[in-house]
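No hydrogens, no waters, no symmetry mates; every other heavy atom, side chains included, goes into these values. First listed ligand is number 1; within each ligand, the first listed atom is number 1. Only a predicted model underlies this, so the values are computations on that prediction, with no experimental measurement involved.
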Amino acid sequence: STGLCTFDPGFTSTGSCDSSITYIDGLKGVLLYRGYDVEQLAECGDFNDSAHLLLHGELPTAEQKAAFDRDLTLHSLVHEQLIMFYRGFKHDAHPMAIMVGVAGALSAFYANAADVGNPQQRLHSCIRLIAKMPTLAALAYRTATGLPIIYPRNDLGYAARFLHMMFAFPTQPYNVDPVLSRALEKTLILHMDHEQNASTSTVRTAGSSHANPFACIASGIAALWGPAHGGANEAVLRMLEEIGSPERIPAAVARAKDKKDPFRLMGFGHRVYKSFDPRARVMRRVAHEVLAHLNITSDPLLEIAMELERVATHDPYFVQRGLYPNVDFYSGIVLRALGVPVSMFTVLFAVARTVGWVAQWNEMAAQQQIAPKISRPRQMYTGHMQREFAPPHADA
Ligand code: SDX
């Protein structure tokens, strides 16, 4: 060969996997968690039920729900020494930088009880991670803003507990608004799992080496941070703010279509969905619900988003390429209305996606016990084939 691309006969794809957790039909815009439609789970169910469903495969019985609710409540505290980690970050560190660090640091506290070959210890680690992520997230916000730490309250549900840790003050009463808490709960359910997306595949790859679950989740957080993936919700809001008015939408759409311009419509398009992302439909409804509840009769960014969706979904460039709003397109508007700062948007995505990450990790670890197989994708080699070495500059 002259070093042109050669096909390695040993090329085997280890990128695919068997999973019974989440099903997507990208052409029909269908998303199922263990066979249940995600729109029904979000509109009618609660966070803990959907988390139990993804982790265990079934919705909980009354007895299972009581035990699962208790576990997620009692494990929401983090070790006091872990809180000292937060003091070491630069004051303006991005919260995702903090989350990558502290999630991995959980290994220092719990890895000794996380034998990946032990099903009970695996499940316990999954519970710990789901329960602690909101606390880690709120700590990132409170310490970065110099606010006093608020501990998780046992009398609140999952979403309400997070809002309380984010926005309460020890010096005065704080009542969580049930409508806003419910809006956050729907948002979290919609973001829980999504088959083998980039961050979940990262978690599975890390887990296939038998790394401890806390280190695996830290790798998933790192992958999710990218603006092409989970970072898109933050990027959507910045894009809507940059567009600034409905009158400037045609110019933005023209830029997004111009191959010479790196600008893309953030929150649009998807590797799998070539029709409407079902999560985007629910997020659009939640955005209207929250703004109506807050008596915000007109939100400039929502108006820009709605008009941008209308223009783009009637433009042949987008329609022919199957480019429609994805889950990130409206989620930023909801989180902003809840008072969550833009820098925390992807952190919220990580909190929700931890449920899918640990469920997929646990499924993979169980499969590994039957047939251990480390993830080892191959490549299409495009470099030089072997050539003789001659000392460089021999004639100098
Ligand atoms: C998430 O995988 C998952 O499941 C992810 C996720 C999850 O829940 O885990 O759903 C979460 O990551 C949602 C996606 C969030 N990212 C964004 O919103 C960023 C903006 N979107 C794009 O960067 C893009 O759409 C991707 C990265 C999402 C997908 O990119 P691909 O794989 O290149 O998309 P494609 O192959 O379908 O593109 C087809 C064409 C290409 O043009 P042509 O070469 O055919 O001329 O559409 C173009 C692309 O250039 N295109 C866009 C576009 N997205 C794709 N053009 C303008 N604006 C866009 N947003």
Would you call [X] and [Y] a salt bridge, taking side-chain N to carboxylate O under 4.0 Å as the test?
X      : Y      : result
Asp71  : Arg128 : no
Glu289 : Arg182 : no
Lys65  : Asp46  : yes
Arg285 : Glu43  : yes
Glu363 : Arg204 : yes

May I ask whether [X] has any heavy atom positioned less than 4.0 angstrom from an atom of ligand 1?
X      : value
Glu195 : no
His191 : no
Leu265 : yes

How long is the span from the OG atom in Ser19 to the CD atom in Glu195, to the nearest 0.5 Å?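 Spacing of OG (Ser19) from CD (Glu195) equals 8.0 Å.
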Is there at least one pair of N or O atoms, one from [X] and one from ligand 1, spaced under 3.5 Å apart?
X      : value
Lys259 : yes
Phe318 : no
His194 : yes
Phe349 : no

Quick one: look up the protein heavy atom nearest [atom] and list residue, atom name and how far away it is.
atom                    : value
atom 51 (N) of ligand 1 : Leu323 CD1, 3.7 Å
atom 12 (O) of ligand 1 : His229 ND1, 3.0 Å
atom 21 (N) of ligand 1 : Phe268 O, 2.8 Å
atom 48 (C) of ligand 1 : Tyr317 OH, 3.7 Å
atom 59 (C) of ligand 1 : Arg264 CD, 3.5 Å
atom 17 (C) of ligand 1 : Ala232 CB, 3.5 Å
atom 32 (O) of ligand 1 : Arg271 NH1, 2.5 Å
atom 2 (O) of ligand 1  : Asn197 CB, 3.4 Å

Should the ring pair Phe276 and Tyr324 be called parallel, tilted or perpendicular, given that the plane angle runs from 0 to 90° and is split at 30 and 60?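 It falls in the tilted class, 30° to 60°.
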Which label fits His194 and Tyr273: parallel for a plane angle under 30°, tilted from 30 to 60°, or perpendicular past 60°?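 Ring orientation of His194 relative to Tyr273: tilted.
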Is the NZ or CZ atom of Arg34 both under 6.0 Å from the centre of the six-membered ring of Tyr36 and within 45° of that ring's axis?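 No - Arg34 does not lie over the ring of Tyr36 by the 6.0 Å and 45° rule.
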Examine Arg142 relative to Phe169 and say whether NZ or CZ is less than 6.0 Å from the centre of the six-membered ring and inside a 45° cone about the ring axis.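 Flagged: Arg142 positioned over aromatic ring of Phe169.
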Hey, is atom 45 (O) of ligand 1 under 4.0 Å from any protein heavy atom?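 When distances to the protein are checked, atom 45 (O) of ligand 1 has a heavy atom within 4.0 Å.
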Hey, is atom 39 (C) of ligand 1 under 4.0 Å from any protein heavy atom?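 Within 4.0 Å: no protein heavy atom nearby.
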Heavy atom under 4.0 Å from ligand 1: found in [X]'s side chain, backbone, both, or neither?
X      : value
Arg321 : side chain
Arg353 : side chain
Val236 : neither

Run the side-chain hydrogen bond (donor to acceptor under 3.5 Å, both in side chains) test on Gln367 and Asp18 for me, step by step, so that the C-alpha distance in whole Å, both residues' side-chain angles and the decisive distance to 0.1 Å come before the verdict. CA-CA 9 Å; Gln367 291 163 343; Asp18 293 341; 5.7 Å; no
Set of residues satisfying ring pair (Phe, Tyr, Trp, His ring centres under 6.0 Å) with respect to Tyr330, sequence neighbours excluded: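 Partners of Tyr330 under the ring pair (Phe, Tyr, Trp, His ring centres under 6.0 Å) test: none.
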Determine which pairs satisfy side chain to side chain donor-acceptor pair (under 3.5 Å) with at least one residue from residues 93-115, sequence neighbours left out, and list them in order.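 Only His94-Glu234, Ser107-Asn212 qualify under side chain to side chain donor-acceptor pair (under 3.5 Å).
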Which of these, Lys257, Met266, Arg255, has its nearest heavy atom closest to atom 19 (C) of ligand 1?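 Residue with the shortest heavy-atom distance to the ligand atom: Met266.
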Considering the heavy atoms of [X], write down every atom of ligand 1 situated less than 4.0 Å from one of them.
X      : answer
Arg279 : 7 (C), 8 (O), 10 (O)
Gly267 : 17 (C), 18 (O)
Ala228 : 12 (O), 14 (C), 15 (C), 16 (N)
Lys274 : 35 (P), 37 (O)

Asn175, CG: over 12 other non-hydrogen atoms inside 6.0 angstrom: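 Check fails, neighbour count at 12 or below.
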Chi angles and distances behind the side chain to side chain contact (heavy atoms under 4.5 Å, CB included) call for Val179, Val290: CA-CA 7 Å; Val179 173; Val290 169; 5.8 Å; no
